[in-house]
Amino acid sequence: MHRRTLLAAALAGAVVTPALASGTARAADPGPAVTRTGTTTLDNQAIFFVSYDGLVNNNAFQKNGLLTYKGYQYAVWYTADRNAVVGRRALGASTWSTVKVGHTLRYNDSHNVISMGVSKVDGRLHLNMDSHSDGFTYVKSVAGLMDNPAGLSWTASRFGAPQSTLDGLALTSQFTYPQFISTPEGRLQLSYRVAVSGNGRNALAEYDGTKWTNLGEWSSSTGTYSSEHGSSTARNMYLHGIDYDRGGRLHSFFTWREQNGAVMCSSGGITNHDTGYVYSDDRGRTWRNNAGTVVGVTGGSDKVSVNDAGLVVDPLNPDHSLMNQESQFTDSAGRPHAIISYVPGRFGQCTTNYVTDRTRNGRAFHVRRNASGTWQKTEIPVPLNSSQRTKLILDKYDNAYAIFPFGRIAGASAASGYTDWRILFDGSGLNAFGEVVIDEMRVAQDGVLSFMYQEKSSGTTPSALRVIDFRLPA
């Protein structure tokens, strides 16, 4: 506990010394701004049901549910009749062309999202979908489809048959949270969880343009975690993301979720605790803590564990309804940033209903490592008014943008040391349900913040699914 106390003191000091983060932006750089440029409709009648407080078409952990590549934007979703669909449009076009990929959603479970990835080495689009601690469905396009979108027709014949393996590679019978990431060499990696919530491990597979290879697990579910209330001997690491920066470093923020509720002050809370950080400089084979010490090897016996030193960058016990799988981004210098959210201690030291308490008193925080290597944390002065997740992006000037539930956007400037957070767009007129899905690739490619959202509905009545675009500072 002494280590946690020291870290907490260090972070507390960092929060009130924004000048430490300054100097990363030139005085002439513009601050954060968004200019709404248009909205398009993907589906007027997309499937709608609320599960785990979320929607299957709009879960914030759904990495690359919307992406841009070589002048075209791509989106995936389930229709009212449960068909998995992939759509595309030329950037700036108002209409989308859609293709059914031969799979129908099995359960009303919002975990069973569709995620996309691009293997640049052969120009294929990959989809992984419909899994929550069980089997998955995998579909890939023909080679070259992503490299020549204007020259190749958008038809079902461009996609292979749905598979229950990765071209014959069976990963696990308990699979969840597919996230595709492209390596600097153009290979495609798939991050996923093995086993179940509270007792699971993170793993990686890799596609080289010819075949898939299972690289193996890299986080551990074992070890003992103790709070003032009790102990737990099993858990899983929930990732806020997994992303390469422009220099080729792979970053990941995370939280731990304990299996044993005895670590909480109340059974109505959630056992998530601490914000941790690891990185890899060898394409996810070896993992290091913030100090550079090796803490895990993918596929090896030494995996990243709750008992490893130097993992925690923002300590927090399980009594504040810390959200898992929130958001991360890297800036132009490769420095990691994250959004986390929980109920601050000023509202009490024990949440008793994590949905109610987060909705009433939850706040988001911007955590980042500055130029001197110090971790800093700033509360974003925008009430969540939701139990759900917030997304993070940075523009070309390293200004930060938090995209809150209901499509609200707040921004802070790099020049201020990220101390001037304010609302830039209040979500008026969107009628968005909650979480949104961000096109991370488009931000870097053409300076546009583009996100997918679904309109509010009730029961299982289908509702409109849309994409909205905002121009960022040029």
Thr351 side-chain N/O to Tyr354 backbone N/O, donor-acceptor pair under 3.5 Å: no

Arg360 side chain reached by Phe347 side chain, heavy atoms, under 4.5 Å: no

Nearest-0.5 Å distance, CZ of residue Arg193 to CZ of residue Arg201: 10.0 Å

Nearest-0.5 Å distance, OG of residue Ser463 to CD of residue Gln45: 8.0 Å

Aromatic plane relationship, Phe470 with Phe451 - under 30° parallel, 30 to 60° tilted, over 60° perpendicular: parallel

Shortest non-hydrogen contact between Met452 and Leu465, atoms and distance: CG-CD1, 3.8 Å

Donor-acceptor pair, side chain of Ser252 and main chain of Gly241, under 3.5 angstrom: yes

Check ion pair Glu258-Arg235 (N to O, under 4.0 angstrom): yes

Phe159 six-ring face occupied by Lys100 cation (under 6.0 Å, within 45°): no

Tyr401 (side chain) donor-acceptor with Ala33 (main chain) under 3.5 angstrom: yes

Heavy-atom donor-acceptor pair, Lys391 side chain to Ala60 backbone, under 3.5 Å: yes

Closest non-hydrogen atom pair, Ser141 against Gly123: OG-O, 4.4 Å

Spatial distance of atom CG (Asn83) from atom OG1 (Thr98) [nearest 0.5 Å]: 10.0 Å

Side-chain heavy-atom pair Met129, Val101 within 4.5 angstrom cut-off: yes

Validation row: Phe406, Ser386 side chains within 4.5 angstrom (heavy atoms): yes

Tyr192/Leu171 under side-chain contact (heavy atoms from CB on, under 4.5 Å): CA gap, chis, key distance, verdict: CA-CA 10 Å; Tyr192 60 98; Leu171 297 176; 3.6 Å; yes

Spacing of OG1 belonging to Thr275 relative to CG belonging to Asn324, to within rounding of 0.5 Å: 11.0 Å

His320 side chain reached by Asn317 side chain, heavy atoms, under 4.5 Å: yes

Nearest atoms (heavy-atom pairs only) where Ala400 meets His366: CB-CE1, 4.3 Å

Main-chain N/O of Val355 paired to Ser387 side chain as donor or acceptor, under 3.5 Å: no

Partner of Phe253 under ring pair (Phe, Tyr, Trp, His ring centres under 6.0 Å), chosen from Phe329, Trp375, Tyr279: Trp375

Nearest-0.5 Å distance that lies between atom CD in Gln189 and atom CD in Gln179: 12.5 Å

Charged N-O contact under 4.0 Å between Arg368 and Asp331: no

4.5 Å side-chain heavy-atom contact, Glu217 and Val194: yes

Stepwise side-chain contact (heavy atoms from CB on, under 4.5 Å) check, Tyr69 with Arg88: CA-CA 10 Å; Tyr69 190 73; Arg88 77 172 185 183; over 6 Å; no

Audit row: Tyr238, Ser197, side-chain contact (heavy atoms from CB on, under 4.5 Å) steps and yes/no: CA-CA 9 Å; Tyr238 273 115; Ser197 175; 3.0 Å; yes

Greater than 12 external heavy atoms within 6.0 Å of Arg158's CZ: yes

ring-ring contact (aromatic ring centres under 6.0 Å, His included): pairs with one or both residues in residues 72-97, sequence neighbours excluded: Tyr74-Trp154

Side-chain (Asn399) to main-chain (Ala414) donor-acceptor, under 3.5 angstrom: yes

Arg106 side chain to Asp130 backbone, donor-acceptor under 3.5 Å: yes

Which residues share a side-chain contact (heavy atoms from CB on, under 4.5 Å) with Asp109, sequence neighbours left out: Ser51, Tyr52, Tyr107, His111, Asn112, His132

Electrostatic pair Asp245-Arg249, nearest N-O below 4.0 angstrom: no

Nearest heavy-atom neighbours spanning Gly407 and Phe425: O-CD2, 3.3 Å

side-chain contact (heavy atoms from CB on, under 4.5 Å) against Asn199, all qualifying residues, sequence neighbours excluded: Val196, Ser221, Ala234, Gln259

Parallel, tilted or perpendicular, as decided by the 30° and 60° cut-offs, for the rings of Trp212 and Tyr207: tilted

Heavy-atom pair with the smallest gap, counting every atom of Thr176 and Ala195: OG1-O, 4.3 Å

Donor-acceptor contact present, side-chain Ser416 to main-chain Thr419, <3.5 Å: yes

Residue pair Ile393, Leu472: steps toward the side-chain contact (heavy atoms from CB on, under 4.5 Å) verdict: CA-CA 11 Å; Ile393 63 109; Leu472 301 175; 4.0 Å; yes

Min side-chain heavy-atom separation Phe48-Thr461 under 4.5 Å: no

Side-chain heavy atoms of Ser341 within contact of Thr390, under 4.5 Å: no

Side chain proximity check, Met116 to Leu127, heavy atoms < 4.5 angstrom: yes

Interatomic spacing from CG in Asp243 to CD in Gln328 - rounded to 0.5 Å: 4.5 Å

Side-chain H-bond candidate by donor/acceptor type, Arg257 with Asn272, under 3.5 Å: yes

Close aromatic pair by centroid cut-off 6.0 Å: Trp287 and Phe254: no

Side-chain (Arg442) to main-chain (Asp469) donor-acceptor, under 3.5 angstrom: no

Heavy-atom pair of closest approach, residues Glu455 and Leu430: CG-O, 3.7 Å

Side-chain donor or acceptor of Ser115 paired with backbone N/O of Asn128 under 3.5 Å: no

Carboxylate-amine/guanidinium proximity below 4.0 Å for Arg283 and Glu185: yes

